[in-house]
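Below is one structure, written out as structure tokens; comments come after it.
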Number of protein chains: 2
Amino acid sequence: MPKQVDHDERRRQIGDAVCRLIAARGLDAVSLRHVAAEAGVSMGRVQHYFATKDEMLMFAFELISSRVAARFGALPVEDPAELLRAVLLELLPLSPAARAEAPVLAAFLAQAVVEPRLGEPLRQGNGEMVAWLAGMITAVRPGGDAERDAMALLAFVDGLMLQVLIGQVSPEMAVELVDHQLSRVLTCG
Amino acid sequence: MPKQVDHDERRRQIGDAVCRLIAARGLDAVSLRHVAAEAGVSMGRVQHYFATKDEMLMFAFELISSRVAARFGALPVEDPAELLRAVLLELLPLSPAARAEAPVLAAFLAQAVVEPRLGEPLRQGNGEMVAWLAGMITAVRPGGDAERDAMALLAFVDGLMLQVLIGQVSPEMAVELVDHQLSRVLTCG
DNA sequence: CGTTTTACGATGCGTTCGCATTGCAAAAAC
DNA sequence: GTTTTTGCAATGCGAACGCATCGTAAAACG
């Protein structure tokens, strides 16, 4: 056999190229040839690591999902209120990393509207997010319907992410909106 | 010439088929052949009324935009608070009409992230929406930063629309979230 | 050393795509 | 009644698509 190669690493490289393509030109710009070109490899290699285009896209989806989760895990543990704020801001395209990931998330989010197979993992991730947010809210402001507030916050930052992506809302304004929203949730329970 | 035909009506019929396709299978399911089949006409006719696929998609975008605007205009004029609530709920996929339009709006919204030509009209529409919402907020609750609240509300309902579309949030829960959010904005300015 | 297995690169196939072209029936214009 | 113009239907074209197949260099394995 040829030199034993790190299978997962190769898949990750190709998955990265897929994400870059989605971020720059949207989901329908993803073709085996474009991905190969973006990754700087041959089309044969792409096919070697992914049996179908669909499997490749699913892998890319799990890749960015895990990246977002990793960024959350890397946040410094501060008091609950600061952590809550940090997580919400992390979902917005403010840092370079988030700015690269947000368009990809947006594309998959829209695709999930017409593709049930994407909806399932997305709902699960959102559900965990809501539970976590609710926990933080309760820690800061006991009493009140924390879960409802968590769902509202998540919908809010999701929409805000899109508004920032299409240039409707500036990053600075987005931060201000998040802070204002948070103060409302945490003070007038 | 053949029987004089209502040009605009024919374009509308085809545009309708485009929207139905987008709602059911996403933007990338839109091809000249699929549109022709969905509209029950020949591909030649589609080409006769739209020089390019892009022009057809742009027309479909303006079509649903005008429909949404029409539904807003058709709302009964009540007191500002009720009207504000009605408009926000109208953006969610609750009524049959809104449920048909929301997936199309979501698809165009996501496309606008990577297609600047869509972003421009979208930003303008959102801008007008924010101004209108701010006016209503001021009417109900003078003082406070109405425009900021309007932007937050719009981001919130945009995100909520997506959550409902992917089945994360039930329509009933969405109404509850909107009401709760509105009460916060209007009472704890 | 020889065999086997891995990791590709290359090529080709059938389909679908957007779009251009052509032809023609029918009604308005004269 | 002829001419002209409109509204299509039909067909074709080159490009791009996902995917299958085949060939091969090379390293692990016995």
Side-chain angles (χ1 to χ4, degrees), chain A residues 1-63 107-108 111 114-115 117-118, chain B residues 1-63 107-108 111 114-115 117-118:
Chain A
M1 350 161 161
K3 54 195 166 214
Q4 281 286 27
V5 124
D6 187 336
H7 203 77
D8 291 345
E9 167 69 9
R10 286 272 152 98
R11 281 170 69 94
R12 200 191 53 74
Q13 284 174 2
I14 295 172
D16 264 345
V18 174
C19 289
R20 265 178 277 135
L21 262 182
I22 295 176
R25 307 209 277 126
L27 256 175
D28 40 337
V30 176
S31 75
L32 298 187
R33 291 157 229 266
H34 284 157
V35 169
E38 173 70 34
V41 303
S42 76
M43 198 177 136
R45 184 185 276 190
V46 175
Q47 286 192 265
H48 180 69
Y49 286 102
F50 298 99
T52 67
K53 176 186 176 179
D54 207 76
E55 182 192 328
M56 184 180 72
L57 284 173
M58 284 302 186
F59 178 82
F61 172 65
E62 290 161 18
L63 187 62
F108 279 121
Q111 187 67 16
V114 291
E115 171 65 55
R117 283 173 35 251
L118 265 177
Chain B
M1 352 165 160
K3 55 195 165 210
Q4 281 287 25
V5 124
D6 187 337
H7 203 78
D8 292 345
E9 167 68 9
R10 286 270 152 99
R11 280 170 69 94
R12 202 190 53 74
Q13 283 174 3
I14 295 172
D16 263 346
V18 173
C19 290
R20 265 178 277 135
L21 262 183
I22 295 176
R25 307 208 278 123
L27 256 176
D28 40 337
V30 177
S31 75
L32 298 186
R33 291 157 228 267
H34 285 156
V35 169
E38 173 70 34
V41 303
S42 76
M43 200 177 134
R45 184 185 277 189
V46 175
Q47 285 196 103
H48 181 69
Y49 286 102
F50 297 99
T52 67
K53 176 185 176 180
D54 207 77
E55 182 192 327
M56 183 180 73
L57 283 172
M58 285 302 187
F59 178 82
F61 173 65
E62 291 160 17
L63 187 62
F108 280 120
Q111 187 67 16
V114 291
E115 172 64 56
R117 285 176 29 253
L118 265 177

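Chain letters run A, B, ... following the sequence lines, proteins first, then strands; residues in each count from 1. Just so it is clear, the values below take in all heavy atoms, side chains as well, and ignore hydrogens, waters and symmetry mates.
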Atom pair distance, as rounded to whole Å: [atom1] in [X] and [atom2] in [N]:
X: A:Phe50; N: D:dA20; atom1: CZ; atom2: P; value: 16 Å
X: B:Met56; N: C:dC19; atom1: CE; atom2: C1'; value: 12 Å
X: A:Met43; N: C:dC8; atom1: CE; atom2: C1'; value: 13 Å
X: A:Asp54; N: D:dC17; atom1: CG; atom2: C1'; value: 15 Å
X: B:Leu32; N: D:dA16; atom1: CG; atom2: P; value: 17 Å
X: A:Arg11; N: C:dA7; atom1: CZ; atom2: P; value: 12 Å
X: B:His48; N: C:dG18; atom1: NE2; atom2: C1'; value: 18 Å

Sugar-phosphate, base or nothing in reach of B:His34, heavy atoms under 4.0 Å: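 Counting heavy atoms under 4.0 Å across all strands, the contact made by B:His34 is with sugar-phosphate only.
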Sugar-phosphate, base or nothing in reach of A:Val30, heavy atoms under 4.0 Å: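 Sugar-phosphate, no base atom in range.
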Plane angle bin for A:His7 and A:His48 - parallel if under 30°, tilted between 30 and 60°, otherwise perpendicular: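 Because their plane-to-plane angle is over 60°, the rings of A:His48 and A:His7 count as perpendicular.
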Side chain of A:Thr52 (C-beta onward), nearest among C:dC19, D:dG18, D:dC19: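 Looking only at side-chain atoms, A:Thr52 lies closest to D:dC19.
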First of A:Arg33 and A:Tyr49 reached from the 5' end of DNA chain C, by closest nucleotide: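 It is A:Tyr49, whose closest nucleotide lies nearer the 5' terminus.
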Nearest-nucleotide comparison on DNA chain C, the residue closer to the 5′ end among A:Gly44 and B:Ala29: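 Result: A:Gly44.
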Ion pair check, A:Arg12 and A:Asp16, cut-off under 4.0 Å: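 Yes.
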Salt bridge present between A:Arg11 and A:Glu62 (N-O < 4.0 angstrom):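 Salt bridge between A:Arg11 and A:Glu62, a charged N being under 4.0 Å from a carboxylate O: no.
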Please evaluate the base of [N] for a donor-acceptor partner in the side chain of [X] within a cut-off of under 3.5 Å?
X: B:Arg10; N: D:dG7; answer: no
X: B:Arg45; N: D:dG7; answer: no
X: A:Gln47; N: D:dA20; answer: yes

Criterion side-chain contact (heavy atoms from CB on, under 4.5 Å) against B:Val35, the qualifying member of B:Val30, B:Leu57, B:Val41: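 Going through the options one by one, the only one that passes is B:Val30.
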